[in-house]
Amino acid sequence: MTVTADTLPKPTITLPEMGCGTWAWGNRLLWDYDESMDGGLQQVFNYCVANGVTLFDTGDSYGTGKLKGQSEKLLGKFSQAYQGPNQAAICLATKLAAYPWRLTRNMMTQAGLASQSRMGRLDIAQMHWPTANYFPWQEGALLDGLADLYDQGLVKGVGLSNYGPKRLRWVHQRFAERGIPITSLQVQYSLLSTFPVTELGLKEVCDELGIQMIAYSPLGLGLLTGKYGADTPKPKGLRGLLFRQLIPGIQPLLDCLREVAAERDKTMAQTALNWCICKGTTPIPGAKNLDQAKQNIGALGWRLSPGEMEELDRTAANSDKQMVQNIFQTR
Ligand SMILES: NC(=O)c1ccc[n+]([C@@H]2O[C@H](COP(=O)([O-])OP(=O)(O)OC[C@H]3O[C@@H](n4cnc5c(N)ncnc54)[C@H](OP(=O)(O)O)[C@@H]3O)[C@@H](O)[C@H]2O)c1
């Protein structure tokens, strides 16, 4: 059956201009989380929703060790307690992991239900990553299970993550044959990571297919905030190791971002997020405390000029280093 974007039902969810990422909420290993942060994270949630940042991205694999599922549980707790402006617009989007032991259609649907019970709701279920790069035969059943969640009215939308244009078209066709629209696709996208958006033309394909694009790690894991430099303390563990490798090669980009931000009287984080918004994507910066959330929300309500965008694009394209790509990202 030939299905075109015109004959496919349109997604019913329109994403806000910006969302909030919650990978750090429950992750001790990479993000230094501890439970004493929970009060502050609830303030982040409340402030975001009240200011129109109503999309929250999580994953059923988020949380380290005993804290697995903590990000979803916190979102469940905070969303149920929230009373204030934009309550009806809250959108909780989880990513269901393509674990090697998650093999059948039913296992994927059950995973969606488990996330739903941790959060008390589930608005968008996303496939966390494609298995095309290593177990291509695994993917079809998991996608069918994801689509079942939509078909059975258990979620308002389905989304994908880490897909390139070729594989995206393949899933789009599979879903279209069941009349199921893809609400969103999230990929790593920032001034430090333009593949696969620029190099593979992914945004154009999303626009053609009516899929909204979410930019994950839009602050380059914190590097684009400017707080980590050659002479400043780095985060502990893996992130610190990565930053030590990247910082010398991205100095011109950080300098350019700092200058553009200063001329605008904005912070580097706000400018980096505004760049994502100007590219037509919905950034989902992670925030670990209220100050970060407040600052990030200052990326809304203004736009970089075409000249500023061009300067940032040029400097990013000439950067010696880029963020490492997700190993699951397909073409
Ligand atoms: N689909 C996928 O495979 C995938 C992969 C990665 C991420 N994601 C999603 O995307 C979300 C965002 O990406 P991310 O969390 O990886 O990285 P990010 O948004 O690029 O960076 C977030 C980190 O930067 C720091 N930060 C944030 N705002 C700041 C501010 N205003 N000033 C100073 N520092 C600030 C915080 O860490 P510190 O304070 O510790 O520096 C924060 O945790 C995740 O939470 C997750 O929901 C999805």
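In listed order, ligands and their atoms are each counted from 1.
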List ligand 1 atoms under 4.0 Å from Y62, heavy atoms only on the residue side. 4 (C), 8 (N), 9 (C), 46 (C), 47 (O), 48 (C)
So does R303 get a backbone contact from the side chain of R264, meaning a donor-acceptor N/O pair under 3.5 Å? yes
Short list, please: which atoms of ligand 1 are under 4.0 Å from a heavy atom of Y228? 38 (P), 40 (O), 41 (O)
Would you say that Y62 contacts H128 through its side chain, given a criterion of any heavy-atom pair below 4.5 Å between the two side chains? yes
Starting from atom 9 (C) of ligand 1, locate the nearest protein heavy atom and write down its residue, its atom name and how far away it is, to 0.1 Å. D57 OD2, 3.4 Å
Side chain or backbone of Q295 under 4.0 Å from ligand 1, or both, or neither, by non-hydrogen atoms? side chain
Give me the nearest non-hydrogen protein atom to atom 19 (O) of ligand 1 as residue plus atom name, then the distance to 0.1 Å. G286 N, 2.8 Å
Please could you name the atoms of ligand 1 that N326 approaches to less than 4.0 Å, counting only its heavy atoms? 3 (O)
Honestly, for W31 the part within reach of ligand 1 (heavy atoms, under 4.0 Å) is side chain
Run the salt bridge (charged side-chain N to carboxylate O under 4.0 Å, His left out) test against D207 and tell me which residues pass, sequence neighbours left out. K203
Which atoms form the tightest heavy-atom contact between L200 and T330, and what is the distance? CD1-O, 4.3 Å
Distance alone, cut at 3.5 Å: any donor-acceptor contact between the side chains of D57 and W23? no
Basic-acidic side-chain contact under 4.0 Å: E35, R28: yes
Going by the atom numbers of ligand 1, which of them fall below 4.0 Å from some non-hydrogen atom of S161? 1 (N), 2 (C), 3 (O)
Below 4.0 Å from any atom of ligand 1, is there a heavy atom belonging to A287? no
